[in-house]
Every structure is written in structure tokens, then in C-alpha cells.
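Numbers here simply count residues along the sequence, with the first being 1. These values consider heavy atoms only, across backbone and side chains, with no hydrogens, waters or symmetry-generated copies.
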Amino acid sequence: MSDNGPVRVLLVDDQPLLRMGFRLILEGEDDLSIVGEASNGAEAVRHVRELAPDVVLMDVRMPVLDGIEATRAIAASGSDAKIIILTTFDLDEYAFAALRAGASAFLLKDVAPAELISAVRVVASGDAVVAPRVTQRLLETYVRGAGGMDPAGTADGQGAVSPARPARDPLLEDLTPRENEMLGAMAEGLSNAEIAHRYFLSEATVKTHVRRILTKLHLRDRVQAVVYAYETGLVVPSNADY
């Protein structure tokens with residue numbers, strides 16, 4: 001996101017009325033700007049390349065190219081755009097697959113306007129995971145059901161997961177003890193401010209640790225750190241009623 005301008009948002013959904021509703025909500029905010037719309041994943045990939053949005057609101061089920069594959073293509077392209085997946089159900093295997101493909105968060109389509117606005121701002125800032133408890137519940141549900149995941153984090157168009165990956169990734173050896181603590185806190189869905197409060201650090205110091213962790217583990221953003229923590233067994237799914 002540019003320090004001198006509004007957050008640039010791309011709307012992607014095959015339902016024109018839904019795109020219109022999101023546009024009306026977001027355009028009312030001075031710090032948010034709708035730069036384009038797309039009706040399928042293929043258009044989304046092209047618009048991300050042409051329009052360079054900061055945040056993409058992406059429907060998960062669409063014709064031509066679904067939100068999972070579009071997310072994977074955008075992440076693989078090296079784009080800095082953060083993707084928020086839109087879904088109908090809070091425990092959705094498609095949303096789970098999209099998180100693993102590179103999405104930064106997911107929201108329900110019936111999200112309250114204030115929550116939608118906040119989510120776009122939070123994801124653009126990169127400082128926190130949207131609805132961490134909901135995201136964690138999604139991860140716990142599918143990690144528990146899958147019994148582990150594959151090293152590449154791949155998922156097919158139906159959200160299927162592959163065989164279990166090793167419990168300990170060699171890349172973790174590159175983390176310092178403090179960075180391991182930070183990763184655990186990130187996996188809980190804590191914001192930089194909350195991590196700073198827990199460990200008596202400045203937010204600037206926390207941001208530095210987070211940036212180093214993401215670099216060392218080759219992760220796209222904070223929510224990918226949460227996914228990674230579950231995949232590698234750093235976080236063990238809690239009880240089924242979480």
C-alpha cells in the first residue's frame with residue numbers, strides 16, 4: 001500500500017449485485033479506492049497484473065477460473081496484492097484451500113459493512129490476521145481431518161489435502177529462540193501490538209522479528225505463517241469445539 005494514497009481494491013465475484021454492494025460500502029471510505037472489478041478468476045489475474053491493487057476481494061467459487069487457482073496464480077506471480085477470500089460458510093474447504101494457495105484471510109459474504117472495511121485495512125497493513133479465531137477454527141478443522149499436510153501446501157480444486165508432511169521443517173533451525181516465540185504468537189493470531197505487550201517489546205521490534213521470520217521461512221505474509229505453524233506441527237489442533 002502506498003503511504004501517500006488510499007488502499008487500492010479489486011472486486012472479484014461472478015455476481016454483479018454483490019460486487020455493487022461491496023463497492024458502495026468501500027467507496028464511502030476516504031482511504032479506500034476501487035480500482036476495478038472482475039467476474040471470474042482469469043479476469044482477476046489479468047487485472048492484478050494491469051491495475052496493481054493492494055487488496056483483492058476474491059470469491060472462491062467462480063466460472064472459468066475459481067478463486068483458489070486465481071489466488072495461486074497471483075501469489076506465484078510475485079504480486080504484492082493481498083487476497084481476501086469471500087465464502088458462504090465459515091468452515092469451507094474451498095476457503096481452506098485458498099488460504100493454503102496464498103490468500104491472506106477469508107470473510108463470509110454476509111459480513112457486516114464495518115467488518116469488511118476493517119478487514120481490508122488490516123490486510124493492507126499486514127499487521128494482523130483477519131478474524132484470527134475464525135481462521136484458526138478453519139485451520140484446526142481441516143488439519144484435524146487431514147491428519148497433516150504435504151510440504152508444498154498444495155490443494156486441488158476441491159480443497160483436497162495430500163499426505164502428511166514432516167513434523168519438523170529444517171528451515172525452523174534458522175530461527176532464533178525469540179523468533180520461535182514470535183512465530184508461536186503469530187500462529188495464535190496475535191497482532192503486533194498484542195505480541196509486543198506479551199513480550200515487553202516495542203511494536204517496531206516485533207515488526208522486525210516478523211519480517212525476518214517470513215523471510216527465513218519463505219512465507220508470503222502472516223496468515224501463511226499461521227498455516228505453516230499448523231502444517232509443521234508447531235501448533236497442535238485443540239478440541240473439536242474450538
Side-chain angles (χ1 to χ4, degrees), residues 1-12 22-23 25-36 44 47-48 51-58 67 71 74-75 77-87 95 98-99 101-108 111-136 138-139 179 181-199 201-229:
M1 180 179 70
S2 171
D3 294 332
N4 301 316
V7 176
R8 297 166 55 82
V9 182
L10 174 66
L11 304 177
V12 185
F22 286 148
R23 176 181 282 275
I25 292 169
L26 298 176
E27 280 190 331
E29 304 300 311
D30 292 339
D31 62 333
L32 305 178
S33 173
I34 307 301
V35 296
H47 286 344
V48 166
L51 302 174
D54 300 305
V55 175
V56 180
L57 283 178
M58 178 89 75
T71 294
I74 291 169
S77 74
S79 169
D80 291 329
K82 299 295 187 357
I83 299 167
I84 300 176
I85 287 293
L86 300 169
T87 183
L99 286 179
S104 295
F106 81 99
L107 290 175
L108 298 181
V111 62
E115 187 177 351
L116 173 65
I117 293 166
S118 174
V120 171
R121 288 172 176 157
V122 167
V123 166
S125 74
D127 283 345
V129 176
V130 173
R133 291 186 65 82
V134 177
T135 301
Q136 282 181 302
L138 182 83
L139 288 167
E179 288 168 349
E181 289 180 334
M182 298 291 103
L183 178 58
M186 290 164 66
E188 293 179 43
L190 299 185
S191 67
N192 285 347
E194 290 167 333
I195 296 174
H197 178 74
R198 173 182 289 185
Y199 293 103
L201 300 170
S202 70
E203 284 192 53
T205 298
V206 173
K207 286 182 179 180
T208 298
H209 282 307
V210 169
R211 188 164 53 248
R212 287 175 178 169
I213 290 166
L214 297 180
T215 298
K216 287 181 177 181
L217 299 181
H218 309 303
L219 300 173
R220 179 174 166 83
D221 58 21
R222 296 174 70 99
V223 80
Q224 297 306 305
V226 178
V227 174
Y228 177 89

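- Residues passing the side chain to side chain donor-acceptor pair (under 3.5 Å) test with T205, sequence neighbours excluded: S202.
- Here L201 contributes atom CG and I195 contributes atom CD1; the two are 9.5 Å apart, rounded to the nearest 0.5 Å.
- Residues V9 and V35 have side chains not in contact (no heavy-atom distance under 4.5 Å, counting atoms from C-beta outward).
- Under the side chain to side chain contact (heavy atoms under 4.5 Å, CB included) criterion, R211 pairs with T208, not counting sequence neighbours.
- A donor-acceptor pair under 3.5 Å is absent between the side-chain atoms of E27 and the main chain of L32, judged by distance alone.
- Among all heavy-atom pairs drawn from I84 and A119, the shortest one is CD1-O, 3.9 Å.
- Expressed to the nearest 0.5 Å, how far OG1 of T71 lies from CE of M58 amounts to 4.0 Å.
- Partners of L217 according to the side chain to side chain contact (heavy atoms under 4.5 Å, CB included) rule, which considers only residues two or more places apart in sequence or in another chain, are L171, L172, L175, L183, I213, L219, Y228.
- The closest donor-acceptor contact from the side chain of Q224 to the backbone of A103 lies under 3.5 Å.
- At least one side-chain heavy atom of P53 sits less than 4.5 Å from a side-chain heavy atom of V48.
- Considering all non-hydrogen atoms of both residues, D54 and P6 come closest at OD2-O, 3.9 Å.
- Side-chain contact between L99 and I85 is absent, with no heavy atoms from C-beta onward closer than 4.5 Å.
- No donor-acceptor pair closer than 3.5 Å links the side chain of R222 to the backbone N or O of V210.
- A225 and L214 get closest at one heavy-atom pair: CB-CD2, 4.2 Å.
- To the nearest 0.5 Å, atom OG1 of residue T87 and atom CG of residue L108 are 7.0 Å apart.
- Side chains of F22 and L86 form a contact here, defined as non-hydrogen atoms less than 4.5 Å apart.
- The CG atom of L57 sits 10.0 Å away from the CD1 atom of I25 when rounded to the nearest 0.5 Å.
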Derivation of the salt bridge (charged side-chain N to carboxylate O under 4.0 Å, His left out) call for R121 and D31: CA-CA 9 Å; R121 288 172 176 157; D31 62 333; 2.8 Å; yes

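- L11 CG to R23 CZ: the interatomic distance, rounded to the nearest 0.5 Å, is 6.0 Å.
- Once rounded to the nearest 0.5 Å, the distance linking CD of E179 with CD of E181 reads 10.5 Å.
- Side-chain atoms of S118 never come within 3.5 Å of backbone atoms of E115 as a donor-acceptor pair (strictly under, hydrogens ignored).
- Closest approach of R220 to A75, counting heavy atoms only: NH1-CA, 3.7 Å.
- The minimum heavy-atom distance linking L10 with A44 is given by the pair CD2-O, 3.9 Å.
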